[in-house]
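What follows is a single structure, written as structure tokens, with notes after it.
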Amino acid sequence: MFARGLPLTLRLLLLCAALAVLGSGVGLGFLYWKARHDLNNRLDESLLTATIAAASCLDSDDIAALAGSGDEEARNRLSQSLLRLWSTPPLTELKTHIRLVFRDPSGKAVKLLEMTGTELAIAPSEIVPAASLKSALEGSAHSTGMLAESPPTTFRDRFTGLTADAFGRGPEKTSRAAAPIRRGREVVAALDIHGSVPASRYVWYSVLPPTSILSLMGLLPGLFALALTGWAISGRLREISEAMKTISLGRYDFRMKGGGSQEFRVAQESFNKMAENLQHSYDRIGETFRELQVAQKQAEVAREAKSDFLANMSHEIRTPMNGIIGTTSLLLETDLNDEQRELVQIMRSSGQSLVHLINDVLDFSKLESEKMELENAPVDLPKLIEETIEMFAYYASEGKLELIYFTEKQVPEVIFGDRERLKQVLVNLIGNALKFTKKGEIVVTVRVRAAQTSHGTLPVVHFSVRDTGIGIAPEHHERIFEAFTQADASTTRKFGGTGLGLAISRKLCRLMGGDLKVESAPGKGSNFFFELAFREVPQQGAAKLVDSADLQKHLHERRCAILCANQTLAGLVQHYCRSWKMEAHTLPGLAEPVIPQLLQWRPDVLVLDAKGQEPELLGKLCNALEEAGIPWLILQTVGEAKTPQSMPGEAKQSLVRFSYKPLSELKLFSCLIDLLGRGNGEGSLEPAVAKLSAAARDSGITGFHEKYPAKVLVVEDVPMNQKIAGMVLKKLGYESIEFADDGKQGVERVNQGDIDLIFMDLQMPVMGGVEATQRIRESFQLPRQPVIIAMTGHALAGVRESCFRAGMDGYITKPISIDDVKNAIVSSYHKLTGQRQADKPGAAPGESSSAPAASALPARL
């Protein structure tokens, strides 16, 4: 890591120095080994020569006398001779140990005397001769050479020993030499000398001659030459580095000048070619970038044109739809008979279907741009489900399909959520089910169930749309949720559709915290379902008609027979009746033997589905019921004429009632109360039912203008929309209502004072709603600012935000409804009074989050 940061010249110099030291070390090591070897040989030869010379100087007679009688004079002469041997120059380099060994007549070796340094010891003793001494006693001089105490056996040991000797840390070396002492030709004794050399004698500077070290000075010129070469290479590399830095700064016209060795000239040419290629690439990228800028501007213009087109189309379509749906909504608030009410609901549902188709296209644009924002307002779930189902009543009757829905009792009446988005998902799912179902039924269920989440077990609302249609193969379960895609390309031609509904529905479910899933198989129908966490709104307002204990008591213990070809519908009717404490039983089917059995059991009422029944048997059954005085309720589809066979005589018209499918709990309850309330001694229950129905319909309307008093100005350029808005406001009780045809007239009227509440259209001639709002907000002559609520057919992303930025207080989209206007006034009225907005009601105290009880819905559903 450190070496990478050093200049190239210094790195080369260091590398050369390291190689020089390594090479010198190897050379000096070899020279040291050779000099050490020569030293060992020289010392060994000196010891052997001195031993032979000393042995020849010793008198064999003195040795014999000393060995035989211990002659004192002989001992002295031998001692003098050995002392002179000690001072012999070759032996002065060694630490010596001298022994004089005599061989007795029996051939045994006897040590006569021993000298270590200048100390002489006479202690005759028998010894076992070593190899060299044995050889000398036999007549041959011999030496062992210089040896360590533990001779090395491996190369590693030799190398380690050599290194230790070079630094004076090795063991001392010892050599043994022995020479014979003769009397004539006979060997009578032997001289044995041990010589040892200390480790300091083998230090490298003592062994190597000075000339060997001085020879290393010859490496210095090479090192200097290498340093110069490295310096030159570094300079060339710096030039290349500077050139690269210049190119990196965008100067692609820079070129390097030639020079230097062949290798550097090749590198410079390659660099110049690279610079030329980069310049060409930069020029091409610049052209492409300019083309992209032009394309981006064109795309922005196209996107703005698309947004303008969608906004205009939304506004233009919603404007007449506002008249259709607004008129039908107001018409439904009037007194209508059942058939008229069903037809008006069909008109409104058809208009709402078109509005939802527009919403699909607009919402897909919002979801693609990730600008979708969800509302969090109270949602009446039963009302939402019923409205959604009613939209498809006519389509179900056209396809001869049973459209059935059931909402579990545990489902809260009102929850917080985005009503329109939830309705949009249900509309798409039910519409798809009707499209791909040829016969059978579509069943919509809403339940509360417990779901495991990261926060524990929480209650969720489970929505399910099940059909008996063509089904979907498992490999297409994910593909159908892609935009503009269906499970089979051929189905687009066969069934029609844009392929947007499911894609939008899944994205909306995920935005609301759930996920849309499907269970299906070819030929076995499909089940689309999703679950949403909820926060319940405490029950407020008037009680529901079906929950009236005063009315329910008229159904207690009554017997009800149910004759429906569709078993799911029959099970649903039976479930509702039993929830009102009625004794309800389903009949297997309409046949000749069934009629007398039914009359024998004599139910209080018969619920009859005319669909799929033989007209002749149906007529016989109704005649028998008329004669027995048993009332009956006929379920029929929207637009279906009343069956002549099912009509009794004029005298007994009160025995029959008709209810249009899809069947709801309220419809069934109202008809049964109307039928069973007669002949019980209390008179007809129609006034009570009508009173409760009117109370439920007018709940939240009566007294609304007194709770939120205001003088209202409607700024709208379309006379029809003015009329619809005025009728809606009058329905809420407002009488002081004025109109302006454009934003300019609206600003002038507001500047005159006394306007409290403004409903402002956005797209108008002369002056639009946004500009008019800004003018009003900039006016300082007003005693107080009015509440301004946008009322527009624009529903694209960003329109709502632009309205609030301009100073508006609320926002509703056309077609408007009474509920939309009510909610907008309630949510923004506090700005008019200067009071704080009331907090939205939360969950009821003590609300349990545990799993709900098992549903009492029949297993068929």
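Just so you know, these numbers use all the heavy atoms, side chains as well, and skip hydrogens, waters and symmetry mates.
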Single hit among Asp717, Val718, Asp742, Val714 for side-chain contact (heavy atoms from CB on, under 4.5 Å) with Asp761: Asp717

Among Thr813, Ile789, Ile812, Ile825, the one residue meeting side-chain contact (heavy atoms from CB on, under 4.5 Å) with Asp820: Ile812

Partners passing side-chain contact (heavy atoms from CB on, under 4.5 Å) against Leu292 (at least two apart in sequence or in another chain): Thr288

For Asp515, all residues meeting side-chain contact (heavy atoms from CB on, under 4.5 Å), sequence neighbours excluded: Arg506, Arg510, Lys517

Does this structure show an ion pair linking [X] with [Y], if we count only N-O contacts that are shorter than 4.0 Å?
{"X": "Lys711", "Y": "Asp756", "result": "no"}
{"X": "Lys661", "Y": "Glu390", "result": "no"}
{"X": "Asp819", "Y": "Lys383", "result": "yes"}
{"X": "Lys409", "Y": "Glu665", "result": "yes"}

Below 4.5 Å, heavy atoms only, C-beta onward: do [X] and [Y] meet side chain to side chain?
{"X": "Gln722", "Y": "Asp741", "answer": "yes"}
{"X": "Glu386", "Y": "Asp380", "answer": "no"}
{"X": "Arg777", "Y": "Gln774", "answer": "no"}

Please check: side-chain N/O of [X] versus main-chain N/O of [Y], any donor-acceptor pairing under 3.5 Å?
{"X": "Glu716", "Y": "Lys723", "answer": "no"}
{"X": "Tyr405", "Y": "Ile442", "answer": "no"}
{"X": "Asp674", "Y": "Ser670", "answer": "no"}
{"X": "Asp809", "Y": "Ser828", "answer": "no"}
{"X": "Glu408", "Y": "Val448", "answer": "yes"}

Neighbour count above 12 (heavy atom, 6.0 Å) for Arg775 CZ: no

Greater than 12 external heavy atoms within 6.0 Å of Lys744's NZ: no

Aromatic ring pairing Tyr811/Phe804, orientation class (parallel under 30°, perpendicular over 60°, tilted between): tilted

Test log, rule salt bridge (charged side-chain N to carboxylate O under 4.0 Å, His left out), inputs Asp418 and Lys423: CA-CA 9 Å; Asp418 191 321; Lys423 185 176 181 180; over 6 Å; no

Distance-only side-chain donor-acceptor flag, Arg447 / Gln410, under 3.5 Å: no

